[in-house]
Amino acid sequence: MTGSSGFSVSGYGPERSNMARLLARDSIVRRLDWPMLLAAIALSGIGTALVYSATRNRTELVGDDPYSFALKHVLNTGIGFALMIGTVWLGHRTLRTAVPILYGISVFLVLLVLTPLGATINGAHAWIVLGGGFSLQPSEFVKITIILGMAMLLAARVDAGDKDHPDHRTVLQSLGLAAVPIMIVLLMPDLGSVMVMAMIVLGVLLASGASNRWVFGLLGAGVAGGVAIWQLGVLDDYQIARFAAFANPALDPAGVGYNTNQARIAIGSGGLTGTGLTKGSQTTGQFVPEQQTDFVFTVAGEELGFVGAGAILLLLGVVLWRACAIARETTELYGTIVAAGIIAWFAFQAFENIGMTLGIMPVAGLPLPFVSYGGSSMFAVWVAVGLLQSIKVQRPMSA
């Protein structure tokens, strides 16, 4: 029986299927991890204000438009948010089947950097200039494909019920998969990205249940590899100088140690509540180089003070806390490994970025997730959030 309004009284028919689809969409929205999502949005919002303050009076960058970089940051955030939605819509399980294609594309792109198409920006030969003011840093997307690729291999037989942990052959295959793009990125050389990728590999292995011998072996290989890189002269002179300045902060304070010294002065001058947005003397005077990217935390320290800088740390902590909860609660090893890889990525990169501004870590040219200006980095971290959200949304389906 059907009422005059056209809705099926019995609850069957096309109206029910339409309502079911609406409820399904609503269910996905409700099942998203909103604390993580809101924290990430807040970080990008704070980043917009900091990027504006750092670039508003740099006419060589913004020309006649002081809002230029801030608007681009908002645009990058919007594109990143759209990529997150697309990632959730596709689902981490669908992307699992596309790993060979994604891996091949990412390796191809990092190889292009080593060709004449590659460009050096801010001292790092890690970019592909696309024209029209746009550029791409492929190593940011390699982080994602390493996580997905290793998770696919390490979890395949475990999720199928054949084994309760990855065997040695599988672990070796996954390490080989990660080693190819890492070695290419090392040849650029982009040491900062290599450090992050190494931490991702370590986090993935720890989450996979692989034998501890692999973890200790990887740590030993990392130490040996670092010594070999130093002795063989793989690093550029400016990278060696950065490590020397880290080991001896008094070394050449007007030269190689200038960035770190000015960064600490900026953060220290902020006090408890800061000087106020756009009112920091270090920031306004452009004493700290690359404040909109690698050293954006110095703007927060000077102009927002301990309270503002602490808020950034708190929001990053919320993102990591929710990511840990997702990794712990998922019912499939693949999801656990993907979440663990992202946790290792975000945690180490944030620690390194903030640490280098405080002088407790060497300068490595890594952006602060969600906060620093930069399209490639922003897109990558939001895709990672999409993967985490997909694991959270799809968890009941596998229960």
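We use all heavy atoms of the structure for the numbers below, so side chains are in, but hydrogens, waters and symmetry mates are not.
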**Prompt:** Do Trp127 and Pro138 come close enough that some side-chain heavy atom pair is under 4.5 Å?
**Reply:** no
Report task. Measure from the side-chain N and O atoms of Thr115 to the backbone N and O of Leu111, and report whether any donor-acceptor pair falls under 3.5 Å. Result -> no
In this structure, CE of Met195 is separated from CG of Leu186 (nearest 0.5 Å) by 12.0 Å
Query raised in the report: Going by distance alone, is a donor N or O of one side chain under 3.5 Å from an acceptor N or O of the other, for Glu302 and Thr275?
Result: no
dist Met199:CE -> Trp345:CH2 (nearest 0.5 Å) comes out at 14.5 Å
Contacts of Thr284 meeting side chain to side chain donor-acceptor pair (under 3.5 Å) (sequence neighbours excluded), chain-then-number -> Arg56
*Any donor-acceptor N/O pair, Ser372 side chain to Pro367 backbone, under 3.5 Å*: no
_Contact check, side chains of Leu316 and Leu368, non-hydrogen atoms, under 4.5 Å_ = yes
Output for pair (Ser211 OG, His168 NE2), nearest 0.5 Å, gives 5.0 Å
- Message: Looking only at the side chains, is there a donor atom on one of Asp65 and Ser68 sitting less than 3.5 Å from an acceptor on the other?
- Response: no
Between Ser174 and Val171 (side chain of the first, backbone of the second, donor and acceptor by atom type, cut-off under 3.5 Å), is there such a pair? yes
In terms of heavy-atom contacts, Val371 and Leu43 come closest through CG2-O, 3.8 Å
Could you check whether any side-chain heavy atom of Phe297 comes within less than 4.5 Å of a side-chain heavy atom of Ile267, counting everything from C-beta outward? yes
- Would you say Leu314 and Val381 are hydrophobically clustered, going by side-chain heavy atoms of ILVMFWY under 4.5 Å? no
To the nearest 0.5 Å, atom CD1 of Ile343 lies from atom CG of Leu388 at 7.0 Å
message: Evaluate Glu303 against Thr278 for side-chain hydrogen bond (donor to acceptor under 3.5 Å, both in side chains), listing each step before the verdict.
response: CA-CA 7 Å; Glu303 299 187 346; Thr278 74; 5.9 Å; no
Could you tell me whether Phe141 and Tyr103 have their ring centroids closer than 6.0 angstrom? no
- Query: Mind checking whether Met378 and Val129 sit in one hydrophobic cluster, side chains of I, L, V, M, F, W, Y counted as touching below 4.5 Å?
  - Reply: no
Closest non-hydrogen atoms of Asp64 and Pro66, given as atom of the first, atom of the second and distance, are O-CD, 3.4 Å
Item checked: Enclosure of Ile101 CD1 (heavy-atom neighbours >12, cutoff 6.0 Å) -> no
Val338 vs Val204 side-chain heavy atoms within contact, under 4.5 Å: no
**Message:** Test your reading of the model: is there a side-chain donor-acceptor pair from Thr97 to the backbone of Thr94, 3.5 Å cut-off?
**Reply:** yes
Applied to residues 345-361, the salt bridge (Lys or Arg N to Asp or Glu O under 4.0 Å) test, sequence neighbours excluded, yields none
CA sep, side-chain torsions, deciding dist, call: Leu154, Tyr334, side-chain contact (heavy atoms from CB on, under 4.5 Å): CA-CA 8 Å; Leu154 292 169; Tyr334 174 72; over 6 Å; no
Co-membership, hydrophobic cluster, residues Val99 and Val180, 4.5 Å side-chain | yes
Does the side chain of Leu50 reach to within under 4.5 Å of the side chain of Ile312, using non-hydrogen atoms?
-> yes
Shortest non-hydrogen pair, Tyr373 vs Lys72, comes out as OH-CD, 3.3 Å
Quiz prompt | Verdict with supporting geometry, Phe69 and Tyr52, ring-ring contact (aromatic ring centres under 6.0 Å, His included) | solution = CA-CA 6 Å; Phe69 269 61; Tyr52 166 70; over 10 Å; no
d(Leu32 CG, Ser390 OG) to nearest 0.5 Å is 10.0 Å
Can you get from Val223 to Val196 by hopping between Ile, Leu, Val, Met, Phe, Trp and Tyr side chains that sit under 4.5 Å apart? no
Below 4.5 Å, heavy atoms only, C-beta onward: do Leu75 and Ile79 meet side chain to side chain?
yes
Can you check whether His73's main-chain N or O pairs, donor with acceptor, with Thr77's side chain at less than 3.5 Å? yes
What one should report as the nearest heavy-atom pair of Ile354 and Leu313 is CD1-CD2, 3.3 Å
*asked:* Under the criterion salt bridge (Lys or Arg N to Asp or Glu O under 4.0 Å), I'd like the reasoning laid out for Glu332 against Arg93: C-alpha separation, chi angles, the key distance, then a yes or no.
replied: CA-CA 11 Å; Glu332 57 181 1; Arg93 293 171 185 156; 3.5 Å; yes
Notebook entry, point to check: Does the side chain of Ser269 pick up a donor-acceptor pair with the side chain of Gln282 at under 3.5 Å?
Noted result: no
Heavy-atom closest pair (Ala327 atom, Thr336 atom, distance to 0.1 Å) is O-OG1, 3.3 Å
Worksheet entry | Flag, side chain of Thr55 to backbone of Val51, donor-acceptor distance under 3.5 Å | yes
Requested in this report: Treating Ile, Leu, Val, Met, Phe, Trp and Tyr as nodes and any side-chain heavy-atom pair under 4.5 angstrom as an edge, say whether Leu218 and Leu191 lie in one connected cluster.
Outcome: yes
Here the gap from Met356 atom CE to Asn353 atom CG, rounded to the nearest 0.5 Å, amounts to 4.5 Å
Q) Checking Thr145 side chain against Val142 main chain: does a donor-acceptor pair fall under 3.5 Å? A) yes
Exactly one of Leu114, Leu109, Val110 clears side-chain contact (heavy atoms from CB on, under 4.5 Å) with Leu112, and that residue is Leu109
Is the Phe370 ring parallel, tilted or perpendicular to the Phe346 ring (thresholds 30°, 60°)?
perpendicular
Side chain of Ser376, backbone of Gln137: donor and acceptor closer than 3.5 Å? yes
For Met36 and Val385, the nearest pair of non-hydrogen atoms, with its separation, is SD-CG1, 4.1 Å
| message | I'd like to know if the side chain of Thr298 and the backbone of Phe295 have a donor-acceptor N/O pair within less than 3.5 Å. | response | yes
Salt-bridge contact Asp33-Arg322 (side-chain N to carboxylate O under 4.0 Å): yes
